[in-house]
There are 2 protein chains.
Amino acid sequence: MQLDKVVSYHKALADTTRLRMLVLLADGERNGLELAEKLGVTPATVTHHAAKLREASLINERREKNTIYFSLNHYFLKNSAAATADFIYRGANARGELNAMDAEQTKIRDSVIRNFMTKEGKLKHIPSQLKKKLIVLEHIVSGLEKGRTYTEKEINEFIKQYHDDFATIRREFIMHQFMFREQERYELNPEELWARWESLA
Amino acid sequence: MQLDKVVSYHKALADTTRLRMLVLLADGERNGLELAEKLGVTPATVTHHAAKLREASLINERREKNTIYFSLNHYFLKNSAAATADFIYRGANARGELNAMDAEQTKIRDSVIRNFMTKEGKLKHIPSQLKKKLIVLEHIVSGLEKGRTYTEKEINEFIKQYHDDFATIRREFIMHQFMFREQERYELNPEELWARWESLA
DNA sequence: ACAAAGATTTAATAACTATCTAATTAGATG
DNA sequence: CATCTAATTAGATAGTTATTAAATCTTTGT
């Protein structure tokens, strides 16, 4: 994780209105007008804050007709915090150690792929350990085109190349921020948003 | 933890210069001029940032002659993060659940004291589990007077009422923010700074 | 296809914050 | 006490951010 990411994560949480917003969302999804009313601010203010929270990947959005529903991104909420301490303490180490870590991660990654994928490139089964699951999901999702939108049917077909349980995997793609859905179409998220095992303890 | 605390914690970390400052301190303690030089800012700027970090209890300060040495407060750095998630998720719950938790905590606290203290009020031994250690330390430190300063000798004598290893316990008092040392004298910190097991996972 | 209603976004402004220079305080030392 | 060193305060400025009023975009009824 680089400096800017850490800063924008903390900036996102460094505001009373935004924190109250997250508390409200902990109850379940809400749209902009509802939030504005409960928070005692104008809808425009909610848009502004939503943008900040989105940049830090702390919320998800779902469009239905002309209203946008916000919800918590539990994954980032839990994991970004630990990343800060990592950043501060690891920052003190020499470059060499970081590179050694990168090498180590590549090794782990390769071994996970080798273990969970057949020679023909099929997924044997979905790993249950989060770390391994993320590696496999990233591997699969890399087969999709950046910037292009897909119908649900297309996505299902694509996933079936790897595994029959396309519903589960499609859901995991969304949950871990590899893709997002908008107006019934699916699209890859920018890579910086992808949930990566490197950021886990 | 209340809203303001959470906000000021994140505000403290929501700035590039302050984060770089913490990274430098991860290497060991530094005074203001050193920090200014390494960061490429004026001493005045360092003072400004130190104030923000101090408010969030992320650093400690020690005066020697006329120079002030800053160091990391490892405890808060590690534990404040988890508190944020707690705040967001717990905030959504009803009051009742919080009170139930308070009751539960009191029960645990009493049982720990009963287990580690003799009938005569001596400490059998220092708990190794952080949670339990904090409970015991808070129990002991409560015997000191707020606002009064103590010499090291006085502190040692006081601790010996409970346990022979006064050196270790004195160090723990500082480490967990129950007390601070200034010009060879010891004094209680305000209670809000005390490291408390309730804030642990 | 058009107007009204509903929901969100843009543009302007007011409040805040990081940074610097200059002046001041506090402690140590000859 | 004069001087040196380190840190803080005050005042000024530039850049950033929270908030709102007005404009834009979406859906729906006619």
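Every chain is numbered from 1 and lettered A, B, ... according to where its sequence line falls, protein lines coming before strand lines.
The side chain of A:Lys52 sits closest to D:dA18 out of D:dT9, D:dA18, C:dT9. The side chain of B:Asn31 has D:dA7 as its nearest neighbour among C:dT8, D:dA18, D:dA7.
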Problem - Evaluation steps, salt bridge (charged side-chain N to carboxylate O under 4.0 Å, His left out), between A:Lys52 and A:Glu55 - result: CA-CA 5 Å; A:Lys52 303 271 177 177; A:Glu55 277 170 45; 5.6 Å; no
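For the residue pair A:Asn31/A:Glu64, the side-chain donor-acceptor check at 3.5 Å is not satisfied. Side-chain contact, B:Gln177 with B:Asn60: a donor N or O sits under 3.5 Å from an acceptor N or O.
Atom CG in B:Leu35 sits roughly 13 Å away from atom P in D:dA6 (whole-Å rounding). Distance B:Arg20 CZ to C:dT19 C1': 13 Å, rounded to the nearest Å. Summarising the geometry, the separation between OH on B:Tyr69 and C1' on C:dG27 is reported as 14 Å, rounded to the nearest angstrom. Between the C1' atom of D:dT16 and the CZ atom of A:Arg18 lies a distance of 12 Å, rounded to the nearest Å. Spacing between atom CZ of B:Arg30 and atom C1' of D:dA6 amounts to 17 Å, rounded to whole angstrom units. Remark: P of D:dT17 and CD of A:Glu55 are 9 Å apart, rounded to the nearest angstrom. Atom CG of B:Leu39 is separated from atom P of D:dA7 by 13 Å (rounded to the nearest Å). Residue B:Leu13 contributes atom CG, which lies 12 Å from atom P of C:dA18 at whole-angstrom precision.
The aromatic ring centres of B:Phe166 and B:Tyr162 sit 6.0 Å or more apart.
Contact between the side-chain N/O atoms of A:Thr45 and the OP1/OP2 oxygens of D:dT20 is found at a separation under 4.0 Å. Note on B:Thr47: every side-chain N or O is 4.0 Å or more away from OP1 and OP2 of D:dT9. In this structure, A:His48 does not reach the D:dT19 phosphate: none of its side-chain N or O atoms is under 4.0 Å from OP1 or OP2.
Between A:Ala44 and A:Ala14, the one whose closest nucleotide on DNA chain D sits nearer the 5' end is A:Ala14.
Across all strands, A:Val46 comes closer than 4.0 Å to no nucleic acid atom at all (heavy-atom distances).
Across residues 60-68 of chain A, A:Lys65, A:Asn66 each have a non-hydrogen atom less than 4.0 Å from an atom of DNA chain D (numbered order).
In this structure a side-chain-to-backbone donor-acceptor pair under 3.5 Å is present from A:Arg18 to A:Ala12. Checking side-chain atoms of A:His176 against main-chain N and O of A:Phe178 turns up no donor-acceptor pair under 3.5 Å.
Under a 4.0 Å N-O distance rule, the pair B:Glu152/B:Arg170 qualifies as a salt bridge.
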